[in-house]
Amino acid sequence: MTKTRLYSGMQPSAESLQIGNYIGALLPWKSLQQTHDAFFSIVDLHAITVAQDPTALRENTRRTAAQYIAAGIDPAASTLYVQSHVAAHAQLAWVLNTITGYGEASRMTQFKDKSARHGADATTVGLFAYPTLMAADILLYQTSLVPVGEDQRQHVELTRDLAARFNARFGDTFTIPEVAIQKETAKIYDLQNPLSKMSKSAESHAGVIWLLEDSAVTRKKIMRAVTDTDGGVVFDRENKPGVANLLTIYSVLAERSVQSLEDEYAGRGYGDLKKGLAEVVTSTFDPIRARVQELLDDPAELDRLLAVNAAHAAEVANETLATVYDRVGFLQPR
Ligand code: TRP
């Protein structure tokens, strides 16, 4: 039986992933790759919809790839590649732009948020077209399943609309993808501000755990995490968001139930809980960090891996693109 095709992407916009990416994306992708025909792209075309430093972008693209591989995305089992290595993404995105309504694109809430945040001068046509490029990513591969966070749901819905519209107008061409929303239970919050999502763009990094930071720094951040004055190690998201967040991270990384952690730490106070958590986090990330370093020490080998996977991706993508070009009536070049 052939495996179901799955597609997801991540931006190469930071030097290091943070623990929220690890728990929210990497761990689920790692298990999905065993049961699905998985494509994961490092979306550098998307990254430049807001200004990037060229040197940093190139470096972060390699670092992102290295972290995904080190954390368990197997480049022999999954197709892990760099989006700009496959020209068909930009080519299909253009065609999709021509069947997307201006009003339809204007309703994308992420665009509204980002354009408000960056201001009129930094809001580019590229940022506006971000969702149609994402639709091209997904549709090129005849994807059935798209695992993403809740914030990307609207983009996948637009993708479904565009696929159905193209199919109706030009004949059956694209698979209509389903969205798979990552579990809310795996949502990780800022250690200093446990009511807001842990984010690489947080104002202060005191509440953000980076995969590649020194383990002594991670330990310190965990020991200083905001809790409450109640003192009980109990999972109560509403009244004890800090402790609930620590328990969530602990539970996912140690693969233990929250209940068993509550039992273990009953009557022992937050210091012990934090020490235990710091141990689990650093023993998870230490080996990954070492592997990342190995991969980055041999950039030629890393680039070769990415090239092999991009060649495979291009093969699949170009077949879809050729059908699209034919259906819309482009003259074939001779
Ligand atoms: N926009 C996605 C994000 O920011 C990343 C992404 C780009 C993506 N292309 C994709 C996710 C295709 C799923 C499928 O998280």
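Order of listing sets the numbers, starting from 1, for every ligand and every atom in it.
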Would you check if there is a donor-acceptor pair between the side chains of S41 and Q83 at a distance under 3.5 Å? no
Taking ring pair (Phe, Tyr, Trp, His ring centres under 6.0 Å) as the test, write out the residues that go with H118, two or more places apart. none
Do we see a donor-acceptor contact under 3.5 Å between the side chains of D44 and T61? no
Amino acids in close contact with ligand 1, where any non-hydrogen atom sits under 4.0 angstrom away: Y7, S8, G9, Q11, V43, H46, Y130, M134, D137, I138, V146, V148, Q152
Residue pairs, two or more places apart or on separate chains, that pass salt bridge (Lys or Arg N to Asp or Glu O under 4.0 Å) and touch residues 22-39: R5-D37
Indicate whether the side chain of D190 and that of S196 have a donor and an acceptor atom separated by less than 3.5 Å. no
Pairs meeting criterion salt bridge (Lys or Arg N to Asp or Glu O under 4.0 Å) with involvement of residues 325-334, two or more places apart: none
